[in-house]
Colleague: 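Before we start, here is the structure in question, set down as structure tokens.
Protein chains get the first letters and strands the later ones, always in sequence-line order, with residue 1 at the start of each.
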2 protein chains.
Amino acid sequence: MRREVSLRHASRLVNHGPTVLVSTEHGGRRNVMAAAWSMPVEFTPPRIAVVVDKKTFTSELLQASGRFALSLPVPALADLAWRVGSESGRDGGDKFARHGIAAFAGPVLGLPLIEGCCAWLELRRIAEPHCESAYDTVFGEVVSALADDRVFANGRWSFREDNADMHTLHHLGGGAFAVPSRVVQGTLATGTG
Amino acid sequence: MRREVSLRHASRLVNHGPTVLVSTEHGGRRNVMAAAWSMPVEFTPPRIAVVVDKKTFTSELLQASGRFALSLPVPALADLAWRVGSESGRDGGDKFARHGIAAFAGPVLGLPLIEGCCAWLELRRIAEPHCESAYDTVFGEVVSALADDRVFANGRWSFREDNADMHTLHHLGGGAFAVPSRVVQGTLATGTG
């Protein structure tokens, strides 16, 4: 079930490097693309950097509206992630309609969040024209966070065999996605006395 | 076996969001820390952004030398990754000695790369004082890339059961690391005719 995630835990959602779907909306037009390149840059306030090519329709809507959303796709959405990352929404009409993508409205900004994902964030753009221009790197501050409590609860991911269909995707290139199905726990004790 | 990776494939090494060990060296002092937050920002030339807290010893050496390296730890190094991410190299002396970390010299810059990892990159800092100050975000251009050919060859990761000990780590928080042991392949064909 979809549940609100405390903003102090929002950076955790993308801490492990998942591919995200970036959705935007402005003036009655909307779009969605895939981005393999994002990372948190701050826990409090929760801030995230994401690379959005300035030539894309997503960038155009993001710049015009000052807001964007991230949805984290699961294995069943691998085809969708690869497709919306491989074509433009500027040509050929609304990608949501074209691919039958169901969306729901984000709780704070009302942005289109993608159904069937495992976590969602809404962000306000932090204007950094130089980084956007030089590195296609957009900074945003998270204003809402949601996650499916089958796989993220109490501020933590829990990747297990029984929820393997809710794990995140990590793009290796060429449409191949790694799924983080195994977890190892590091310890701080050195054992050297 | 360790092999050179073509610079045009260097961004692929961190495309899927692995935790990295950041190593630095300046004036006879060296350090290593873990960073969960990094991402490519460009394929050609290969450029990467990484978050390095400006209060850290790593940041001090990085700023002084204008160079840094990334090593990608494998499951057997989960303890080490968690430890070097949890303590400072400014106090208590050289972390390499303290933890018995073996290093070899990077091929272009001679930076200390961590033995037993699955991939390595050397980078020159691109001076972006505002991003470094506001977001602890350091941009670098990759000048050398290496990978173990048991898990990365011909420009691609190959995560399989028989090389599970060479997979990357993806920090979930609290020293728990996800390992991307399963791979799903997206397709572009829509099936809608």
Side-chain angles (χ1 to χ4, degrees), chain A residues 9 11-12 14-19 36-42 47 49-51 75 78-83 86-87 98-100 128 130-131 134-137 139 155-157 159 164 167-190 192, chain B residues 9 11-12 14-19 36-42 47 49-51 75 78-83 86-87 98-100 128 130-131 134-137 139 155-157 159 164 167-190 192:
Chain A
H9 293 142
S11 293
R12 281 270 177 87
V14 294
N15 203 74
H16 62 309
T19 291
W37 299 352
S38 74
M39 65 177 181
V41 298
E42 188 71 70
R47 290 177 167 171
V50 59
V51 177
D79 287 355
L80 180 71
W82 184 225
R83 286 170 196 168
S86 305
E87 58 178 38
R98 194 191 315 164
H99 294 295
E128 290 289 355
H130 170 67
C131 277
Y135 307 106
D136 288 337
T137 297
F139 291 90
R156 288 187 173 278
W157 287 106
F159 295 126
H167 294 186
T168 49
L169 298 179
H170 300 250
H171 195 222
L172 298 172
F177 296 93
V179 183
S181 290
R182 185 158 65 101
V183 175
V184 297
Q185 178 64 52
T187 70
L188 290 180
T190 64
T192 57
Chain B
H9 293 142
S11 293
R12 281 271 176 87
V14 294
N15 203 73
H16 62 309
T19 290
W37 300 353
S38 75
M39 64 177 183
V41 299
E42 188 72 70
R47 290 177 167 170
V50 59
V51 177
D79 287 356
L80 180 72
W82 184 224
R83 286 170 197 167
S86 304
E87 58 179 39
R98 194 191 312 164
H99 295 295
E128 289 291 353
H130 170 67
C131 278
Y135 307 105
D136 289 336
T137 298
F139 292 89
R156 289 188 172 275
W157 288 105
F159 295 127
H167 295 185
T168 49
L169 298 178
H170 300 250
H171 195 222
L172 299 172
F177 296 92
V179 183
S181 291
R182 187 158 64 99
V183 175
V184 297
Q185 178 65 51
T187 70
L188 289 180
T190 64
T192 58

Colleague: Would you mind checking which part of A:A81 comes under 4.5 Å of any heavy atom in chain B, side chain (CB onward), backbone (N, CA, C, O), both or neither?
Modeller: neither

Colleague: Would B:H130 and A:H130 satisfy ring pair (Phe, Tyr, Trp, His ring centres under 6.0 Å), going step by step from the backbone distance to the final call?
Modeller: CA-CA 10 Å; B:H130 170 67; A:H130 170 67; 8.7 Å; no

Colleague: Please determine, among A:V184, A:V50, A:V183, the option with the most heavy-atom pairs under 4.5 Å with chain B.
Modeller: A:V184

Colleague: Counting only heavy atoms closer than 4.5 Å, note whether A:S181 contacts chain B via side chain, backbone, both or neither.
Modeller: both

Colleague: Looking at chain A, which one of B:A36, B:P18, B:G100 has the largest number of heavy-atom pairs inside 4.5 Å, strictly under?
Modeller: B:A36

Colleague: What part of A:S86 is in contact with chain B, defined as an atom under 4.5 angstrom from a non-hydrogen atom: side chain, backbone, both or neither?
Modeller: side chain

Colleague: Please check: side-chain N/O of B:H170 versus main-chain N/O of A:H16, any donor-acceptor pairing under 3.5 Å?
Modeller: yes

Colleague: To the nearest 0.5 Å, what is the distance between OG on A:S11 and CH2 on B:W37?
Modeller: 5.0 Å

Colleague: Could you tell me which non-hydrogen atom of B:H171 sits nearest to which non-hydrogen atom of A:N15, and how far apart they are?
Modeller: O-ND2, 2.8 Å

Colleague: Closest heavy-atom contact between B:Q185 and A:A176?
Modeller: OE1-CB, 3.4 Å

Colleague: Search all heavy atoms of A:V51 against all heavy atoms of B:P40 and return the closest pair with its distance.
Modeller: CG2-O, 3.7 Å

Colleague: Quick check on side chain to side chain donor-acceptor pair (under 3.5 Å): which of A:E42, A:R47, A:E128 does B:Y135 satisfy it with?
Modeller: A:E128

Colleague: When heavy-atom pairs shorter than 4.5 Å are enumerated against chain A, which of B:A178, B:P75, B:A78 gives the highest number?
Modeller: B:A178

Colleague: Could you tell me which portion of A:L80 (side chain, backbone, both or neither) has an atom closer than 4.5 angstrom to a non-hydrogen atom of chain B?
Modeller: neither

Colleague: Drop me the distance from A:T187's OG1 to B:W82's CH2, to the nearest 0.5 angstrom.
Modeller: 10.5 Å

Colleague: Donor-acceptor pair, distance only, cut-off 3.5 Å: does the side chain of B:R182 make one with the backbone of A:P180?
Modeller: no

